[in-house]
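Reviewing the structure listed below.
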Amino acid sequence: MAEQHTPRSLIVSLYGAYGRTPGGGGAPMPVAELIRLLAAVGVDAPSVRSSVSRLKRRGLLVAARTPQGAAGYALSEDAHQLLDDGDRRIYDRPAPKLAEGWVLAVFSVPESERAKRHVLRSRLARLGFGSAAPGVWIAPARLYEETRHTMERLQLSPYVDLFRGDHLGFAATEEAVARWWDLTAIAKQHEQFLDLHEPVLRAWVARQKAEDGTGTGAGAGTGAGAGGSWSPDPEHAYRDYLLALDSWRRLPYADPGLPAELLPADWPGARSAAVFAQLHARLRDAGAEFVRGGGGPGDAG
């Protein structure tokens with residue numbers, strides 16, 4: 001099954017993986033470097049330029065000069081906040097606990113501003129909220145901070161009230177969750193990720209085992225395959241990692257991370273998270289060598 005990676009999404013994934021420095025900031029990426037790095041995943045130069053222009057119009061990228069004086073683009077403050085919020089979902093997936101409770105978003109939009117109603121619904125859905133009732137959306141309580149940041153960034157906070165609480169009935173919470181979210185559709189997204197990227201992980205494990213004998217099974221812990229003297233080919237690692245990241249980073253938004261006791265027994269979410277974590281451990285830093293190879297800001301964290 002082929003997977004579509006849009007140039008715009010790949011650029012966001014590239015900046016998220018390699019365009020930031022620890023603690024914020026990050027040098028601008030030269031246009032020539034963006035073209036080189038996106039060419040490695042099959043994007044041509046005109047598509048890169050047009051996608052950068054769209055991201056600039058959306059306020060996610062800003063034109064800036066590199067320390068060497070070359071024309072480039074850096075992340076805007078809003079984009080930094082967006083990616084920082086995303087990091088907590090993409091890279092940090094703690095086991096959710098039912099006792100943490102829920103965050104409720106209740107909104108009311110005047111008829112004269114009905115377009116904002118659609119924006120609110122779509123944005124809450126993209127944050128991973130489920131629909132409990134008309135105008136009432138629900139998500140695990142740990143998503144509160146990101147929800148608040150998003151509502152403020154989009155200037156939607158005047159229309160929304162946020163609450164924290166517990167589900168007390170009358171239906172069992174497990175039954176209610178199945179109404180609030182389309183669990184079948186979310187599970188299918190996990191399975192699609194596994195179909196595409198679990199074979200990639202297995203290939204890297206087999207390659208390492210063949211070359212130095214230290215590769216470990218695809219079910220090993222997140223950092224298991226990174227040890228030993230083996231070093232992945234930087235361009236190959238960069239390509240496989242960026243494509244996996246671009247696929248994975250959508251999933252923690254479709255799947256808000258519900259407690260295991262509320263999910264079907266064969267839920268594929270933990271397995272897909274483990275596959276991404278292992279690809280990240282094996283390939284991210286090797287891919288940074290390819291980014292640095294052309295003078296880009298490859299020391300990003």
Side-chain angles (χ1 to χ4, degrees), residues 5-92 126 146 149-150 153 232-253 276-277 279-301:
H5 295 271
T6 69
R8 205 180 327 176
S9 179
L10 285 165
I11 291 170
V12 172
S13 295
L14 171 60
Y15 272 93
Y18 300 113
R20 293 176 290 165
T21 53
M29 280 197 181
V31 175
E33 276 303 284
L34 286 169
I35 290 171
R36 178 182 77 90
L37 293 169
L38 271 296
V41 288
V43 181
D44 59 31
S47 297
V48 173
R49 293 183 186 277
S50 63
S51 297
V52 165
S53 295
R54 292 190 188 99
L55 289 168
K56 182 182 176 184
R57 286 196 299 271
R58 289 180 57 192
L60 297 178
L61 294 180
V62 292
R65 291 279 173 183
T66 70
Q68 295 75 31
Y73 289 89
L75 292 166
S76 67
E77 285 189 25
D78 281 350
H80 271 293
Q81 182 68 69
L82 194 66
L83 291 173
D84 288 348
D85 284 339
D87 285 349
R88 287 186 281 274
R89 295 205 192 209
I90 294 166
Y91 302 110
D92 183 19
R126 287 171 62 184
E146 184 180 356
H149 292 158
T150 301
R153 179 171 55 84
D233 171 70
E235 182 174 355
H236 192 179
Y238 162 82
R239 182 171 58 249
D240 281 355
Y241 178 64
L242 192 69
L243 293 175
L245 173 62
D246 196 57
S247 299
W248 170 255
R249 69 182 181 86
R250 300 173 179 83
L251 260 171
Y253 287 90
F276 175 73
L279 287 169
H280 175 77
R282 288 175 179 274
L283 305 181
R284 189 269 172 201
D285 289 348
E289 295 179 26
F290 178 68
V291 176
R292 284 194 295 268
D299 291 329

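Fair warning: this is a prediction, and the values are worked out from it, not measured in the lab.
- A distance of 11.5 Å separates CG of Leu251 from CZ of Arg89, quoted to the nearest 0.5 Å.
- Side-chain contact between Ser247 and His5: present, with at least one pair of heavy atoms (C-beta onward) separated by less than 4.5 Å.
- Within the structure, the side chain to side chain donor-acceptor pair (under 3.5 Å) test picks out the following pairs touching residues 38-60 (sequence neighbours left out): Asp44-Ser47.
- The ring-ring contact (aromatic ring centres under 6.0 Å, His included) test applied to Tyr73 returns no partner, not counting sequence neighbours.
- Side-chain atoms of Leu245 and Leu279, non-hydrogen and from C-beta on, never get closer than 4.5 Å to each other.
- A donor-acceptor pair under 3.5 Å links the side-chain atoms of Arg20 to the main chain of Gly16, judged by distance alone.
- Counting all heavy atoms, side chain and backbone alike, His280 lies closest to Tyr241 at ND1-OH, 2.7 Å.
- The shortest non-hydrogen separation linking Val62 to Ser76 is CG1-CB, 4.0 Å.
- Ala40 approaches Glu235 most closely through the heavy-atom pair CB-OE2, 4.1 Å.
- In terms of heavy atoms, Asp246 sits closest to Leu10 at OD1-N, 3.6 Å.
- In summary, the side chains of Arg250 and Ser9 do present a donor paired with an acceptor at a separation below 3.5 Å, with no hydrogens or angles considered.
- Rounding to the nearest 0.5 Å places CG of Leu61 at 11.0 Å from CZ of Arg8.
- For Asp240 and Arg282, the salt-bridge test fails: no basic side-chain N is under 4.0 Å from an acidic carboxylate O.
- Taking every heavy atom of both residues into account, Ala286 and Ala237 meet most closely at CB-CB, 3.7 Å.
- A donor-acceptor contact shorter than 3.5 Å is absent between the side chain of Arg153 and the backbone of Asp78.
- Interatomic distance, Glu33 CD to Leu14 CG, rounded to the nearest 0.5 Å: 9.5 Å.
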### Candidate pair Phe290 and Arg36, rule side chain to side chain contact (heavy atoms under 4.5 Å, CB included), full reasoning
CA-CA 10 Å; Phe290 178 68; Arg36 178 182 77 90; 3.4 Å; yes
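- In this structure, Leu60 and Leu75 have side chains that are not in contact, with every pair of non-hydrogen atoms separated by 4.5 Å or more.
- Within the 3.5 Å criterion, the main-chain N or O of Pro30 finds no donor-acceptor partner in the side chain of Thr66.
- Heavy-atom minimum distance, Arg249 versus Ser13: NE-OG, 2.6 Å.
- Using a 4.5 Å cut-off on side-chain heavy atoms (C-beta onward), His149 and Asp84 make no contact.
- Side-chain contact between Val52 and Val31 is absent, with no heavy atoms from C-beta onward closer than 4.5 Å.
- In this structure, the side chain of Tyr238 engages the main chain of Leu37 through a donor-acceptor pair within 3.5 Å.
- Judged by a 6.0 Å distance limit and a 45° cone about the ring axis, Arg292 is not positioned over the six-membered ring of Tyr18.
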